[in-house]
Chemist: 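Have a look at this one.
When a ligand or atom number is given, it counts from 1 through the structure's own listing order. Keep in mind it's a predicted model, so treat the numbers as computed, not measured.
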Amino acid sequence: MATVNLADYAPLVGQSMLDEIKALGEKLGGASIQHINSTAVGGGVAEILARLVPLMGEAGLKSEWTVMEGTPPFFQVTKTFHNAFHGVKVDVTPDMLETYREANRQNYNKVDTGANFVVVHDQQPLGLTEVMNQQQKWIWYCHIDPVDVDHRVWRFLGSFAGKCHAAIYHLPEYAKGLGLPEYLLPPAIDPLSEKNREVTAEEKAQVLERLGILLDKPIVLQVSRFDRLKDPVGVIQAYKMVKKITPCQLILAGGGAADDPEGAQVLAEVREASEGDPDIHILDLPPTANLEINVLQRVAAVVVQKSLREGFGLTVTEAMWKARPVVAAAVGGIKKQVLHEQTGLLAHSVEGAAWSIYRILNNPAYGEVLAKAGREHVRKNFILPVYLRTWLGLLNAMGQSEGYSGC
Ligand code: UDP
């Protein structure tokens, strides 16, 4: 990955924002921050940390990223918890709670007890709050929609989250009322990463050839982990409706995340649902396939994100940044990104998604208007320098409160 410096973002956000970032970074006086999550690749959190951590370093913090380790039974438990956050009915047994606690105990030694700030991303490493010391400020960063979390799961995980000094959510309506300062910080994409940078015509052609994709029919694309909550089978159903009235092809591009054990099973369901249609391309991509995803998003006529639940939906942000028209489910953070009929189209059902896809395929000029506004919406709100600035403001606010001794 090419090294990126803060100065490289000046053409996108202006020098004044970079100056603000530097000033906020300096005010933190060389504080140290440790980010902890549960996977190095796959999914939105790993994507953000890979880019945020070095830039926090450039802004003057001592910034480190630690991935906790876990066994397959632990990830099975945390996947169950993840589903429970999204309102899925789950069984919770004492054994599961003990598997969770034990995996976290095995990771206690990964906590940097000297770091001024420790940020626990999502629920997997929340058990590490057991080893916090009171010289530190711990932050729980919830990247998913916790509104309908199963009460038994929340009673267990909320007790860990409640020990933190602050919590961060993507949307105001996600706040759990933990009795802590609760902040709002939606995530962001890095416009200069391999996944989002401009690509040459030659790179485009090479990737398409490698993936076996022809541009002979308009492409309807969804990029997502193979997860039922991303509703890949619903996308196939919507595509089949559209295909009856206008020619198109469907690409479902995805892969697994190390902390998601259900991917293979969902992929098998998706293959079954697409059997017999040569215009459906299921691409099981490795986590390193950033250029491939970049190119697919750029050549798509419509990018779909038909999630049933969504924390934020970075795939939507990525597509909008590339000025592609988006049809997305009106769930979670997608609603902040896709302003209906302005920056994209929202859908509420398979039929609604099909209708919106059809509208864009049938009226590409309208799609381009939405896409152009979408890119500007992302530039103003959801790109890395904007995100970094908010992060630094938040750390300054926390640093000024009692208990932080600086460095
Ligand atoms: N992603 C990827 N490869 C895949 C599937 C997804 O690199 O096979 C990336 C995708 O481009 C996006 C992130 O993983 O950057 C997914 O983030 P999102 O918020 O959409 O969903 P999550 O997976 O976190 O639920």
Chemist: Mind checking the CG-NZ spacing from L308 to K230? Nearest 0.5 Å is all I need.
Modeler: 10.0 Å
Chemist: Run through ligand 1 for me and note each protein residue having a heavy atom under 4.0 Å from it, chain first, then residue number.
Modeler: G43, G44, E47, K195, S224, R225, K230, G254, G255, I293, E310, G313, L314, T315, E318
Chemist: According to side-chain hydrogen bond (donor to acceptor under 3.5 Å, both in side chains), who are the partners of H35, at least two apart in sequence or on a separate chain?
Modeler: H121
Chemist: Answer yes or no: are there more than 12 heavy-atom neighbours, outside D216 itself, under 6.0 Å from its atom CG?
Modeler: yes
Chemist: Within the 4.5 Å heavy-atom criterion, are L229 and N83 side-chain neighbours or not?
Modeler: yes
Chemist: Mark yes when over 12 heavy atoms from residues, nucleotides or ligands other than K176 sit less than 6.0 Å from its NZ; otherwise mark no.
Modeler: yes
Chemist: One pair to check against salt bridge (charged side-chain N to carboxylate O under 4.0 Å, His left out): K110 and E69. What are the steps and the verdict?
Modeler: CA-CA 9 Å; K110 289 199 156 61; E69 281 167 23; 3.3 Å; yes
